[in-house]
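All values below were derived from every heavy atom in this structure, side-chain atoms included, with hydrogens, water molecules and symmetry-related copies excluded. One is the number of the first residue; the rest follow in order along the sequence. Note that the structure is predicted; figures quoted are calculated from it, not measured.
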Amino acid sequence: MRRHGFVAGFLLLPVILYVVFVISPYVQAFQIALTDWRGVSAKLDFVGLDNFRRMFGNETFWQAIRNHLVLLVAMPLVTVSLALLFAYLLNAAGGSRGGRMTGVKGSGFYRVVFFLPQVLAVAVVGVLFKAVYRPDASGVINGALVKLGMEPVGWLTDQRLALWSIIAVMVWQAVGFYVVLFSAGMAAIPKDVFEAASLDGAGRARMFFSVTLPLLWDTVQVGWIYLGIAAFDGFALVNVLSMEQGGPDGATTVLATEIYKNAFGYSRFGYASALGVALFFLTLTFAALTMRVTRRERIVY
């Protein structure tokens, strides 16, 4: 009994902090979503589900949902694929040396290169790529295209390219973290598993798909959920890179930017809270479905 009291004493403060700073704001957001509060008065007039009816009838909301669907498919798929490839090259593609699996030559240098974007603030990454994507010859990419005799491309001003250009930045910024995550997972796999597969004649591709990936599946699942949650956010990069916070013409808008604009631009805190509630349930649903769909029998090694 005394031991349980000792443990409860340590857990009490974190639980209190979590309730105050996480659960309480969620509850307040649900409450504000049912009002027409404009953020300048202590009085909250109850309007029921009006904010949600307006939200479902707003084309901008559905445009943001469509953009989130593209992000949910493209960003995790590309990021996880690249991270798995790089992690395998850095940890196991060099073959067995001295009884252990090694990466390709220079893997230590490549680790630093891949992880470098993680030490940069997201806003800094946005400003950096704003210079890369400039629509004239002063941009890094367009400057190279002009020198090759090609016309400049409106990477962030073309409706067909804007979202994909931002997705590319998201992948560049995120892939280093997942290289480290998957590298840690690969390091935990017993080396004799790789050695046995090598003795059986498995090549690099077969060893990756038949040995490494199945034993790394739980880590991949976690990474996919993290990336999906990031895809439901995307506020910082969209806010810095896009035209007019979600342009051109809503091509890059996401729910987070709509929440920000409605709350702090139009003082519609009730409507912004309704958008926040929708974002909360979409994120929760995605995480639950991903865990359900990707569930598989655990491989013990």
If you count heavy atoms of other groups shown closer than 6.0 angstrom to CD of Glu244, is the number above 12? no
Sequence neighbours excluded and cut-off under 3.5 Å, please list the side-chain donor-acceptor pairs for residues 20-31, or say none.
residue	atom	partner	partner atom	Å
Ser24	OG	Gln28	NE2	3.1

Shortest non-hydrogen pair, Gly247 vs Ser242, comes out as O-CB, 3.7 Å
Exercise for the section: Report the relative orientation of the aromatic rings in Phe235 and Tyr260; use parallel for angles under 30°, tilted for 30 to 60°, perpendicular for over 60°. Expected result: tilted
Going through the distances and angles, do Gln63 and Glu258 end up as a side chain to side chain contact (heavy atoms under 4.5 Å, CB included)?
CA-CA 11 Å; Gln63 179 64 51; Glu258 290 304 308; over 6 Å; no
Exercise. Shared ILVMFWY cluster between Val80 and Trp164, side chains joined below 4.5 angstrom?
Worked result: yes
Point to revise | Shared hydrophobic cluster, Leu128 / Met243 (ILVMFWY, side-chain heavy atoms < 4.5 Å) | key: no
Inset, instruction - Before giving the answer on side chain to side chain contact (heavy atoms under 4.5 Å, CB included), spell out for Val277 and Phe52 the whole-Å C-alpha distance, their side-chain angles and the decisive distance to 0.1 Å. - result: CA-CA 9 Å; Val277 171; Phe52 293 96; 4.1 Å; yes
Which of Val153, Ile141, Leu156 passes side-chain contact (heavy atoms from CB on, under 4.5 Å) with Ser165? It is Leu156
Between the OG1 atom in Thr219 and the CH2 atom in Trp224, the distance rounded to the nearest 0.5 Å is 15.0 Å
_Are the side chains of Tyr88 and Phe182 in contact, using a 4.5 Å heavy-atom criterion?_
no
CD1 of Ile167 to OG1 of Thr79, rounded to nearest 0.5 Å, is 9.5 Å
Among the clusters formed by ILVMFWY side chains lying less than 4.5 Å apart, do Phe280 and Tyr18 turn up in the same one?
-> yes
So the salt bridge (charged side-chain N to carboxylate O under 4.0 Å, His left out) pairs with at least one residue in residues 61-87 (sequence neighbours excluded) are Glu59-Arg66
*Would you kindly confirm whether Val132 and Ile166 end up in one hydrophobic cluster when ILVMFWY residues are joined by side chain heavy atoms under 4.5 Å apart?*
yes
Ile65 and Leu255 have their tightest heavy-atom pair at CD1-CD1, 4.1 Å
Check: Thr290/Gln221 side-chain N/O donor and acceptor closer than 3.5 Å: no
Output for pair (Phe177 CZ, Gln118 CD), nearest 0.5 Å, gives 7.0 Å
For Ser273 and Ile32, the nearest pair of non-hydrogen atoms, with its separation, is OG-CG2, 3.3 Å
Closest non-hydrogen atoms of Leu120 and Gln173, given as atom of the first, atom of the second and distance, are O-NE2, 4.3 Å
Discussion item. Whether the side chain of Asn51 engages the backbone of Ala33 through a donor-acceptor N/O pair (distance < 3.5 Å, no angle test) should be reported.
Written reply: yes
List the steps, then state whether side chain to side chain contact (heavy atoms under 4.5 Å, CB included) holds for Val238 with Thr253.
CA-CA 7 Å; Val238 171; Thr253 191; over 6 Å; no
Could you tell me whether the side chain of Ser81 reaches within less than 4.5 Å of the side chain of Leu85, counting heavy atoms only? no
| said: One thing to verify: whether Asp136 and Arg134 come together as a salt bridge, which I'm taking to mean a side-chain N less than 4.0 angstrom from a carboxylate O. | reply: no
Taken to the nearest 0.5 Å, the spacing of Asp249 CG from Thr157 OG1 works out to 13.0 Å
Taken to the nearest 0.5 Å, the spacing of Met170 CE from Asp233 CG works out to 8.0 Å
Tightest non-hydrogen contact, residues Ala83 and Val175, listed as N-CG2, 3.8 Å
Counting only heavy atoms from other residues, nucleotides and ligands, does the tally under 6.0 Å from CZ of Phe61 exceed 12? yes
Practice item. Give me the ring orientation class for Phe86 and Phe114: parallel if the planes are under 30° apart, tilted from 30 to 60°, perpendicular past 60°. Key: parallel
>> Whether the side chain of Lys261 engages the backbone of Gln245 through a donor-acceptor N/O pair (distance < 3.5 Å, no angle test) should be reported.
In response: yes
Notebook entry, point to check: Do any N or O atoms from the side chain of Asp158 and from the backbone of Gly154 form a donor-acceptor pair under 3.5 angstrom?
Noted result: no
Quiz item: For the ring pair Phe264 and Phe269, is the centre-to-centre distance below 6.0 Å?
Solution: yes
Legend entry - Donor-acceptor pair, side chain of Trp155 and main chain of Ala162, under 3.5 angstrom: no
Distance col, row Leu282:CG vs Ile229:CD1, nearest 0.5 angstrom, shows 12.5 Å
query: Under the 3.5 angstrom rule, does the side chain of Thr252 hit a backbone N or O of Gly246 as a donor-acceptor pair?
result: yes
- Task: Please answer whether the main-chain N or O of Val254 pairs with a side-chain N or O of Thr257 as donor and acceptor at a distance below 3.5 Å.
- Result: yes
Side chains of Tyr226 and Tyr178 in contact at under 4.5 Å (non-hydrogen atoms): yes
| Non-hydrogen side-chain atoms of Tyr271 and Asp36 separated by less than 4.5 Å | no
Under 6.0 Å from the CZ atom of Phe46, do we count more than 12 heavy atoms belonging to anything else shown? yes
Margin query: According to a hydrophobic-cluster definition based on side-chain heavy atoms being under 4.5 Å apart (Ile, Leu, Val, Met, Phe, Trp, Tyr only), do Val47 and Leu34 belong together?
Written below: no
Can Phe129 and Leu237 be said to form a side chain to side chain contact (heavy atoms under 4.5 Å, CB included), step by step?
-> CA-CA 9 Å; Phe129 274 89; Leu237 286 176; over 6 Å; no
On a heavy-atom basis, the closest approach of Leu279 and Phe232 is CD1-O, 3.3 Å
